[in-house]
Amino acid sequence: MINKTKIIAIILARGGSKQIKNKNLDKINNKPLIYYTIKECLRSNLIDETWVSSDDENILKFSKKIGANIIKRPKKFSRDNTSSESSWIHAIKYLKK
């Protein structure tokens, strides 16, 4: 019996950015920047599920539209001084529920 480990991609996409506002939705070749990350995860034969964690409704709506699962991230995990690790921990706890 083969017991395959499930591989989950978690993409952190904060709405607010100090340097480039709304960078995840800025377009490159007529597609939002986050499009490329999501599509590559969805195309991969190694990734079973693709999740986007964001505090921004527009990022979440777009991510869902192109096929990613979404996690609404609380503002406390989306501040300038919030570590990526705390955001990943929030996402993992969400997925365990």
Side-chain angles (χ1 to χ4, degrees):
M1 175 183 222
I2 298 174
N3 194 4
K4 183 182 181 279
T5 300
K6 185 185 250 187
I7 305 296
I8 297 173
I10 300 172
I11 302 165
L12 301 178
R14 192 165 65 102
S17 175
K18 287 197 293 189
Q19 295 182 4
I20 302 172
K21 297 292 179 199
N22 298 314
K23 69 181 173 195
N24 288 298
L25 295 175
D26 276 353
K27 293 190 176 178
I28 297 176
N29 293 328
N30 295 318
K31 298 200 185 316
L33 182 60
I34 195 168
Y35 167 89
Y36 299 99
T37 304
I38 293 170
K39 281 302 186 181
E40 288 307 310
C41 288
L42 293 172
R43 279 189 198 122
S44 173
N45 293 329
L46 302 175
I47 298 172
D48 298 304
E49 294 180 16
T50 300
W51 291 81
V52 174
S53 169
S54 183
D55 61 320
D56 185 277
E57 289 297 330
N58 291 323
I59 291 172
L60 293 172
K61 188 172 14 173
F62 178 78
S63 300
K64 187 173 185 176
K65 178 181 171 185
I66 64 168
N69 299 297
I70 59 171
I71 300 169
K72 175 70 172 157
R73 189 174 353 146
K75 293 288 183 191
K76 70 179 181 179
F77 296 116
S78 300
R79 297 185 183 123
D80 289 338
N81 62 350
T82 303
S83 70
S84 296
E85 290 82 5
S86 65
S87 299
W88 278 313
I89 289 168
H90 170 264
I92 291 165
K93 286 180 179 178
Y94 176 91
L95 293 174
K96 283 185 174 183
K97 289 182 181 180

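Between I66 and Y35 the shortest heavy-atom distance is CD1-CD1, 3.9 Å. Residues S63 and I34 share a closest heavy-atom pair of OG-CD1, 4.0 Å. Annotation for L60 and I71: closest pair CD2-O, 3.6 Å, computed over non-hydrogen atoms. Nearest heavy-atom pair across I10 and A91 is CG2-CB, 3.8 Å.
N22 places no side-chain N or O within donor-acceptor distance of the main-chain N or O of L25, the cut-off being under 3.5 Å. For the pair D55 (side chain) and R73 (backbone), a donor-acceptor distance under 3.5 Å is absent. Of the possible donor and acceptor atoms, one in the side chain of S54 sits under 3.5 Å from a partner among the backbone N and O of A13. In terms of modelled atom types and a separation under 3.5 Å, the side chain of D26 and the main chain of L33 share no donor-acceptor contact. Checking side-chain atoms of N69 against main-chain N and O of T50 turns up a donor-acceptor pair under 3.5 Å.
Between Y94 and W51, the two ring planes are perpendicular [angle over 60°; tilted spans 30° to 60°].
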Tell me, with the steps shown, if L46 and I7 meet side-chain contact (heavy atoms from CB on, under 4.5 Å).
CA-CA 7 Å; L46 302 175; I7 305 296; 5.7 Å; no

Dump the intermediate steps for side-chain contact (heavy atoms from CB on, under 4.5 Å) on I92 and I8, then the final yes or no.
CA-CA 10 Å; I92 291 165; I8 297 173; over 6 Å; no

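Grouping the Ile, Leu, Val, Met, Phe, Trp and Tyr side chains by contacts below 4.5 angstrom, directly or via other members, places I47 apart from I38.
To the nearest 0.5 Å, atom OG of residue S83 and atom CD1 of residue I89 are 7.0 Å apart. Note: I59 CD1 to I11 CD1 = 11.0 Å, rounded to the nearest 0.5 Å. With rounding to the nearest 0.5 angstrom, the CG atom of L42 is 9.5 Å from the CD atom of E40.
Atom NZ of K39 is surrounded by more than 12 heavy atoms from other residues, nucleotides or ligands within 6.0 Å. By the neighbour-count criterion of 12 heavy atoms within 6.0 Å, atom NZ of K61 is sparsely surrounded, having that number or fewer from other residues, nucleotides or ligands.
Side-chain atoms of F62 and N24, non-hydrogen and from C-beta on, never get closer than 4.5 Å to each other.
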